[in-house]
Structures are given as structure tokens and as C-alpha cells.
Amino acid sequence: MKKGDHLFLVDGSGYIFRAYHALPPLTRKSDGLPVGAVSGFCNMLWKLMRDARDTDVGITPTHFAVIFDYSSKTFRNELYAEYKANRSAPPDDLIPQFGLIREATRAFHLPCLEMEGFEADDLIATYCRLACEAGGDTTIISSDKDLMQLVGPTVSMYDPMKDRQIGIPEVIEKWGVPPEKMIDLQALTGDSIDNVPGVPGIGPKTAAQLLEQFGDLDTLLERAAEIKQEKRRQSIIDNAEKARISRDLVRLKNDVPVTEGFDDLVLQPPDGPRLISFLKGMEFNSLTRRVAEATGADASAIGAASIRVQHGAEAHGPDLEPAAPSGPAAEAHYAKPGETGPSPATLAQARAEAASTVRIDDRKYDCIRDLATLNEWIAEARETGFMSFRTESTSLDPMRAELVGVALALRPGRAAYVPLGHRSSADDLLGAGRVDNQVALEDALAALKPLLTDPSVLKVGHDFKYDWLLLSRHGIDVAPIDDTMLISYVLGANTGAHTLEALAERWFGHFMIPFKDIVGSGRNLVTFDLVDVERATTYATEGADIAMRVWQVLKPRLATNGLVSVYERLERPLVPVLARMEERGISVDRQMLSRLSGEFAQRAAALEEDVYQAAGERFTIGSPKQLGDILFGKMGLPGGSKTKSGQWSTTAQLLEELAAEGHELPRRIVDWRQITKLKSTYTDALPEYINPDTRRLHTSYALASTPTGRISSSEPNLQNIPIRTAEGRRIRTAFIAEKGNKLISADYSQIELRVLAHIADIPQLRQAFADGVDIHAMTASEMFGVPVEGMPSEVRRRAKAINFGIIYGISAFGLANQLSIERSEAGDYIKRYFERFPGIRDYMESRKQMARDRGYVETIFGRRIHYPEIRASNPSIRAFNERASINAPIQGSAADIIRRAMIRMDGALAKAGLSARMLLQVHDELVFETAEAEVEATLPVIREVMENAAMPAVSLAVPLRVDARAADNWDEAH
DNA sequence: AGGTTGACATA
DNA sequence: GTATGTCAACCTT
């Protein structure tokens, strides 16, 4: 145990009683064994071990122990014979659960601690003290007030049933005294359940008030005569001794001679098969499934442990049970590791082998041509509990696609295709007719819908957003799902492509049938409905089969790499969210774009004439090659650098410099390029994307196209709509709300710099963000010693460029380029920046080192970004990877934060009874459309979700700020 | 017809 | 200096 370590101590005995009374009674189906408390206990443990980041604890434990009472006789009975004397025997249906909960603890591979003569609370107090002395933090999993005396700067409590953290402020709020006075408070109030006498007539409110007045119990008893209220005064004087005894009873003993050291408490990865065996034996089916999924174990291959009602010692109650470890009889109920099932790692390997051993050449693919056969497959899928699934359709655009067929696979080599909308292509001239022997689309969907929405059947797909959206258009919201593309992406975002074809090749050396071979290309291109059913079957089933095989190989790797939570919290839930955003689309003013296009055309034509005039000849202005020859060859202007292909460089920056020297032509070229860019990419292209049915623009988001976790937008790209220039912003005004509605734009202010301030822990930056001051001005002031008041804009501009440079993994070369200054001067700036903010240099060095040591860096939520080339011998490749390693945790953490906001947004809006719809995401901005009347109610909900998006998994050291505004068009809303 | 390059739009 | 996507021109097949 060292600084930064975090110990979780579960108050096992306390939990049992609380769960028994709080949770609905539950009995094991097969024999009526009462298991309600055990079930709650197991769910709680699993949540703590797997998902502590996303509970209110917000922290992943490094050490873990579950602590129980040993017996009813403790040292307290020596102090006070009546202690706990009026406790009645536990209810009959709770008794067998005491032993089961200890078994559960061991099945979870967690230390199970108890000690004769001491209560669980004393052990907890002792470990709290030891952890604190070793520099570690502790979280006590309990809400028992008896433990609140332990809360302090390094110790907090967590109520697992209310998902609530209890720290010093919460104790004060609840009891009116800080944790260190809890002992005195309890000494005064007593406890009827434990038969601690206390002072009659003194309750928590009075006790708190007295302690506030006198400071502590001893002083109070000494000066009791000063108490004004007569009855109260008398009671305290009469019961002073009882209060002292009570204090000794409630004060926890923090020097129990414990036998287990922290080395014994290091949190072990769960032993999947053993745990599953236990859970199956208990018949906790949904938890079994979750555990199997997370650990990559195959639950169906693991036998259930035989767990019987225990007789003998345990049947008499919790306090008579022998000390841990329990006898061999209990132990024998478990599958030992390696006996019934392998560890996740070996299982992963076995699966990979199995998936590759069923030779892809030997596959047997079915074509389902009647409803009865389809229903047989559906029944088999229900039995299996998981399946891979894909759609075939007439378009790559899921908003325009017509469903042509569906394919499913149940295990490697066993897949089927259901043709639904195939048409014969060549047989007559009157147009294609429907192919015979196909299940009617409506019948097939009606049969499939219960399966596709069955919560106990996992649907595996590749790039499932496409299929999900297509089916959503038919009224089916598929759930639950897994996406092999996203699993592969989480495992290694920039370690290769994540198309199904690429994965088939990478993992199985198998080359899939190219889509082109099925639908042709160029003038021979046909839609999938015209592909003959046999070829379609081969193609579609191969896809489903390969997705199933890839899933079996990759899914377990999430668990062995500790990436389950990234996948489940940041990737998988985004699939339906983005699908809905794509489906909604956004309205654009076609007329406005058309008018703009005409205007741009005229201006471009006029500029073209000017250019030809100045150049003395007509040439293709859009050709950098021809332009370079004119400018630097014919006209002899001072050319700058060459591009890598030996061409003259004609970038806007260079042309601007020439223009500044008074040359007319470069100025015209820059203007012409801007106008023609706006025209071709926006005013001309966007209207072409308007969907004729919805009359809206539907982009497509790519979830797995960036290494950092950002999403990208294409066809059309709505993440690069112009904003910088006045001309460009006119295009933005064409993005509008429907009549009676408004667009809302909500964007994070300086999210990346805030993330940097958090990760690198820079005091000045944290302070500046806490104070809400101008961050670039603060940087300038810090660096150049210029006061913020009356700062020249040029000074601030430089500081701003440096701040951005830092985020991008600054180099003197890049900064010099950006600011058009000498490289040496840029180098001086960087040097000075590092002197002022040494934490930034440390951050940069540590990310580079991490990438070199481990091959990857990570975001604050655990997403990994791999940089295998960081050790390249080529200095420029190496430097590039170093800069990317510095940038990725910043860009990636910001991307993760907005992902979390998006995942929560629809639910938050619905919960608030609002009808706002999220339409677009632009990296740090979300765009919504909502009814005009709801705007004011909607803005705070959006801000709330976005500003708290990191919580509770990560508590940022700086606040997040969101600016949100509503208007009729995107330009005014932003 | 399809791929590459240089330019430029965004965060 | 990070991360994208799209366009026109140009080159290869």
C-alpha cells in the first residue's frame, strides 16, 4: 500500500441486514432457498469491482476486503454485559444467507476477513488507520452510522444501495457534527438496537447542539451544571457514567492485531469460471450473463456449483460461524481454476483457435425461404442467447436503403440468409419482378422483432449503427447489441482498419468476397435486390459468419485488457444515440444555398478575369501546378518552399505574404479559392444530400475512424461547416429550425485546455478556470509580465497560439510557422512557457515515456491510444508520434466527455419532459432542435448534462463551462 | 473508373 | 505542432 492506492472495505455483516430488509425477498427457483440478500450482495460486489469508476465512488480500488462479524461475544461484553443483549435472533430466511454471502465473497476471489473477539467495525477501523499511515485512501462500503467516526481526509464511505458517497460534509449535514465528534454524539444518544444506553432524553439534534456548545463529551459532563433546560441538565448529570461507558462501546478499536497485510488485500482480477459457476448455482441469471460477457467466459460451458442449504454451525446464525476460511466441504463446491473452465486469457486463446479451426471453406450456409424455417432459426437463436446479425439492402445510405434480406449466424460455420426483397434482373424487359419463394417482408419482420428486441439474446453486428438505423425505420429498436467494429476499435484504435474484411484477414487470414464482386462496378453496378439469391446468400452469410467468429475472438480480449468499461460506457451505448441523430437529420434552406451559389459563381467569374488579366494568359487556376509555374516561373515572384513532389507550394499562407508585399495576383487567387471552395463543397454539394422523403440533411457519423475517440462526419461532413469568415457564415445561416422550433447550439468552452489543466495539474491554469478569467490573457500575463488590463491584442494572440501549440505537442518549428516568427524566437517562447508552467513539461515528458514503455497513452476514462511507431529510428516519424502521444490524452479525454454527455442526453431530456432532439455533434458542440416554447426549459438541462458529463467517473479539478443559445439558424445560435 | 495530391473547411 | 472530410486536378489502370 502506497500513496495513490485505494482500499475498499466492505462491511459484509452490515450489508446483509440492510439488504435483507431493503430488497424484495428472492428465493432460488429450483428449491426455494432464500437468496435475496446474497443476490444484492453479489450485484453490489460486481458493480464495485467492475464499474467503480461509474458509481458515485468514482475510483477504481487497488485493494479490497469484505469484513464480517465473527461472533456475538466481543470485548464490548466485558465492558458492558448488556451490550447487544436485546438483539433478537435473525429471521429464519436470513440465517442460511450468512454462509452463502461468505461463499459469494470467496467466489469473487476477494479476501473475507473476520476475527474472534472483534466486530467487523473494529477490523475496518484498524485497516483504515493502517492504510492512512501507509499513505493510501480508503472507502468503506457501508452506510452504518457507527462507522462514520472513521471518515476523514483520506477515508470516506459509500452507500452502495443509494449510490451515494459519504464524506466529511455529508456527515456534518446528517448529524450536525464532524466525524471526529461522532463518538461523543453516539455516547449521548445511545443506540437501542445495540443496547448502548446513552443519556435518556438526548437525541441526535440535542446532542449535536450540546457538542457544538461545549466542544466534547468530557467538557460537557464537567460543566453540565451550566445547562439551562432543567430536565436535560438533570438527565446528563445522572447518566454521566452511562455516557462514558457508551463512549467506550461505540469507539471503534483501531489496533486489532490483524493477520492479513495489505499484500493479501491486493485486488485480484475475478476468476471468471469460478465466479460464474457459483452464480449459476445460485441461479442469478442476469448477473451470470453480465459476468460472462465481461470476463469473456462462455457461461454455457461452465457447470453450476452445487450450493445447498448449509446445516450445522452456520444454521444457528451468523455469529457462531467458524472463522474463515471455511472447511473443505464448502470449498469443494467450487470449480477450481482450470478444472471446469480456463482463465479469461486461455479462454480467449481457445476461442480464437476454435473460431479459426472451423474452416471457413467448410462452412454450410442456409437460405431460408419460408416462415416455418425462419421460426426454427429464431427458436435456436433464443436457445443460444447470442447471434450475429446483418441486413442487406439497396443503398449504403441507411436513410435511403430498402431492406433486401437479413443474415444471421449462431456459431462459426452456421449461418443463414433470408431473402426478402430480391427481384429478378435479366429475365424480362418489362422490368424486374419479385423473385419467388421469399418470405414476405412484413411477416419476416414480425417474426424477427421479438428476437431482435429480446433482452436475453445478444445481437452481434459489425458497424451495427447502419443495421440499427435501417431496422429502426421499420419500427424495430434492436437491443442488446455488440459491435465487432467497436470492440476492435477499443482494443486498438490506430493499429489498423476495423472493417470486417480487414478483421477477417487480420485474425483468420481469410479474404472475404469483395462487395464489388457481388454488385459489380461502374456501368455494371446493380443494387443488391437485383443480385441473384444464391450469390447473395453466399455473400451475406459469410458476413454474418465472420462477424460471429470475430466476436468470439475479440470480445474476451476486452476483459483481458481491462477495456470492458471503455467499450460498455463510451462506445456501445453511442450506437443508438448516433443512429437517432442521423435519422433526425437537420433542415437546410435550399433557396438560400441556391442564391448564395449564384452569387459565388458571379464573384468567381469576375475574379477569374482579373487573374487572367494579371497573369497575361488563361490557365486552370485550380491547378496548383499551373499556378506555381505562372507565379514563380513566368512572373518570377519569390517562391517559397517546394512540396514533396517537387512542386511549388502555393498555400494560402504563402500567397497572403506575397499579397502583403503588394502583389495583386496572389490576393485574387486567395479570394478565388475561398469562393470556389465555399461554392463547390457547400452551396452546390449540400442540397444534393437532402433526402427527398424527409427533406432534411442526414449525415453519417463514423465511430471508429479516429485514434483519439473523436467521431467523424461524412456524406455530407457537417463538422466542417464554415464559421471563420463572414462569407462562410452565410452558409451556416442556411441551417435552420422547422417552423415553430429553434436550433440550440451548446458548446464547451476551452474544453481541451481544461482537460490539460486537470491532467497535468497546473495550479495557475486551475485557478484561472476556477476564477473564470480569460485563459489566453492569463497565459500572456504570466509569460510576458504584461498586465491583463489593457493588454495589446498581439500579445494575447501569441499566447493563444502557444496554448494551442501545447495541446498539439508543440515544436519550435510549428510555432514559428504559425506566428510567422523565427524558429529561435519560437524556441524562446516555449522555453519561457516551460519555466512558468513546469508541470506542462512534466506532462509532455511523461506521455512520451508512457508511449515508449507501454506502447500507448490513455484518456482519463481509460481509453487507450497506441503509438507503436514511437520508437521509430526515423526522427520525423518518431517526433510525429511523440506529438500525437501528447495530444491524444487531451483530445481523447475531451472526446470521451462529450460522448458521455450524448449518451445521457436523450434520457435527461425525456426525464425533464422536454421534446428537444439532439441533431449534430461537432467535437465540442451539440446542436439541438426544439419547440420554441420549450427553449428556456431546455437550455439548463443541456448545460447540466454537458457540464457534469465527466462525473461521477472522473471528478475534474476544473469546472467545465458550456455556452448554450437558441436562434432560428445555426449561425446565430452558435 | 479509381487512386493520389494539394488545397482548405472544421474542432 | 493534433484530429478529420471533400473538392478539383491529375495520374494510372
Side-chain angles (χ1 to χ4, degrees), chain A residues 493-494 516 520-525 619-628 642-655 669-670 672-682 684-686 688-689 699-702 705-725 727-729 731-732 747-748 750-753 756 801-819 823 826 829-830 844 847 865 867 876 879-892 894-895 898 920-925 974:
Chain A
N494 51 347
K516 248 178 58 183
S521 68
R523 44 194 291 252
N524 296 319
L525 185 74
F619 66 103
T620 306
I621 305 173
S623 163
K625 183 176 182 297
Q626 292 186 35
L627 178 64
K642 300 275 185 73
T643 66
K644 55 181 174 250
S645 58
Q647 294 291 317
W648 292 105
S649 168
T650 66
T651 62
Q653 193 180 358
L654 183 80
L655 297 182
I669 300 288
V670 169
W672 180 89
R673 278 188 182 159
Q674 191 205 5
I675 296 296
T676 53
K677 174 77 179 178
L678 294 178
K679 182 172 185 291
S680 65
T681 309
Y682 303 104
D684 289 351
L686 287 176
E688 299 297 315
Y689 285 103
T699 184
S700 173
Y701 288 109
S705 74
T706 78
T708 56
R710 276 194 177 180
I711 60 176
S712 71
S713 157
S714 63
E715 294 185 306
N717 180 355
L718 296 185
Q719 290 180 323
N720 70 345
I721 300 303
I723 192 165
R724 287 191 219 274
T725 66
E727 297 301 338
R729 289 170 73 140
I731 290 162
R732 250 178 207 242
D747 68 308
Y748 284 108
Q750 309 283 7
I751 188 169
E752 292 192 341
L753 278 176
L756 175 65
I802 293 165
N803 276 335
F804 276 99
I806 295 296
I807 290 170
Y808 299 151
I810 203 154
S811 76
F813 181 86
L815 184 63
N817 222 13
Q818 177 67 32
L819 289 174
R823 188 133 38 126
Y829 283 178
I830 295 169
M844 292 181 157
R847 292 321 110 144
I865 303 105
Y867 291 101
S876 78
F880 174 80
N881 278 274
E882 287 175 352
R883 291 193 299 270
S885 306
I886 291 164
N887 171 259
I890 306 170
Q891 185 185 121
I898 198 166
L920 303 179
Q921 190 252 37
V922 193
H923 308 309
D924 65 359
E925 174 189 10
H974 187 79

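- Scanning both residues, A:Ser712 and A:Gln719, for their nearest heavy atoms gives CA-OE1, 3.3 Å.
- Nearest heavy atoms, A:Tyr867 versus A:Ala888: OH-CB, 3.4 Å.
- Contact of A:Gln891 with C:dT2 (side chain to base): a donor-acceptor pair of N or O atoms is detected under 3.5 Å.
- Within the nucleic acid shown, A:Ala652 comes within 4.0 Å of sugar-phosphate atoms alone, with no base atom in reach, counting heavy atoms only.
- Pairing each heavy atom of A:Ile806 with each of A:Ile886, the nearest pair is O-CG2, 4.0 Å.
- When the side-chain nitrogen and oxygen atoms of A:Arg710 are compared with OP1 and OP2 of C:dT4, none of them lie within a distance under 4.0 Å.
- For the pair A:Arg883 and C:dT2, the criterion of a side-chain N or O lying under 4.0 Å from OP1 or OP2 is met.
- Across all strands, A:Ile723 comes closer than 4.0 Å only to sugar-phosphate atoms, never to a base (heavy-atom distances).
- Among the nucleotides B:dG2, B:dC8, B:dA11, the one closest to any side-chain atom of A:Arg724 is B:dA11.
- If you check every strand for non-hydrogen atoms under 4.0 Å, A:Thr706 touches sugar and phosphate atoms only.
- No engagement by A:Ile890 is indicated, since no non-hydrogen atom pair under 4.0 Å with the nucleic acid exists.
- Using a 4.0 Å heavy-atom criterion, one finds that A:Ile807 contacts no nucleic acid atom at all.
- Using modelled atom types and a 3.5 Å distance limit, the side chains of A:Thr708 and A:Gln891 yield a donor-acceptor pair.
- Take A:Phe880 and apply the side-chain contact (heavy atoms from CB on, under 4.5 Å) test, not counting sequence neighbours, and it matches A:Arg883.
- Considering only side-chain N and O atoms, A:Ser705 lies under 4.0 angstrom from the phosphate OP1 or OP2 of C:dG5.
- Across all strands, A:Gln647 comes closer than 4.0 Å to no nucleic acid atom at all (heavy-atom distances).
- A:Gln674 meets the side-chain contact (heavy atoms from CB on, under 4.5 Å) test with A:Leu678, A:Thr725, A:Glu727; sequence neighbours excluded.
- Residue A:Thr650 has a polar side-chain atom (N or O) positioned under 4.0 Å from OP1 or OP2 of B:dA7.
- Contacts of A:Tyr682 with the nucleic acid, taken as non-hydrogen atoms under 4.0 Å apart, involve only primed sugar atoms and P, OP1 or OP2.
- Base pairing in DNA chain B yields stems of at least 3 consecutive Watson-Crick or G-U pairs, both distances under 3.5 Å, namely B:1-11 with C:2-12.
- Annotation: side-chain contact (heavy atoms from CB on, under 4.5 Å) contacts of A:Ser623 (sequence neighbours excluded): A:Thr620, A:Lys625, A:Gln626.
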Indicate every side-chain donor-acceptor pair of residues 646-653 of chain A with a distance under 3.5 Å to a residue at least two apart or in another chain.
from	atom 1	to	atom 2	distance (Å)
A:Thr650	OG1	A:Arg673	NH2	2.8
A:Gln653	NE2	A:Asn817	O	3.1

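- The side chain of A:Pro722 has B:dT10 as its nearest neighbour among B:dT10, B:dC8, C:dT4.
- As judged by a 4.0 angstrom heavy-atom cut-off over every strand, A:Ala816 is placed among residues making no nucleic acid contact.
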Protein heavy-atom contacts under 4.0 Å, written 5' to 3' over nucleotides 6-13 of chain C as B (base), S (sugar-phosphate only) or - (none), form the string BSSSS---
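- To the nearest 0.5 Å, atom CZ of residue A:Arg729 and atom CD1 of residue A:Ile723 are 6.0 Å apart.
- Between A:Ser521 and A:Lys516, the closest heavy-atom pair is CB-CG, 4.2 Å.
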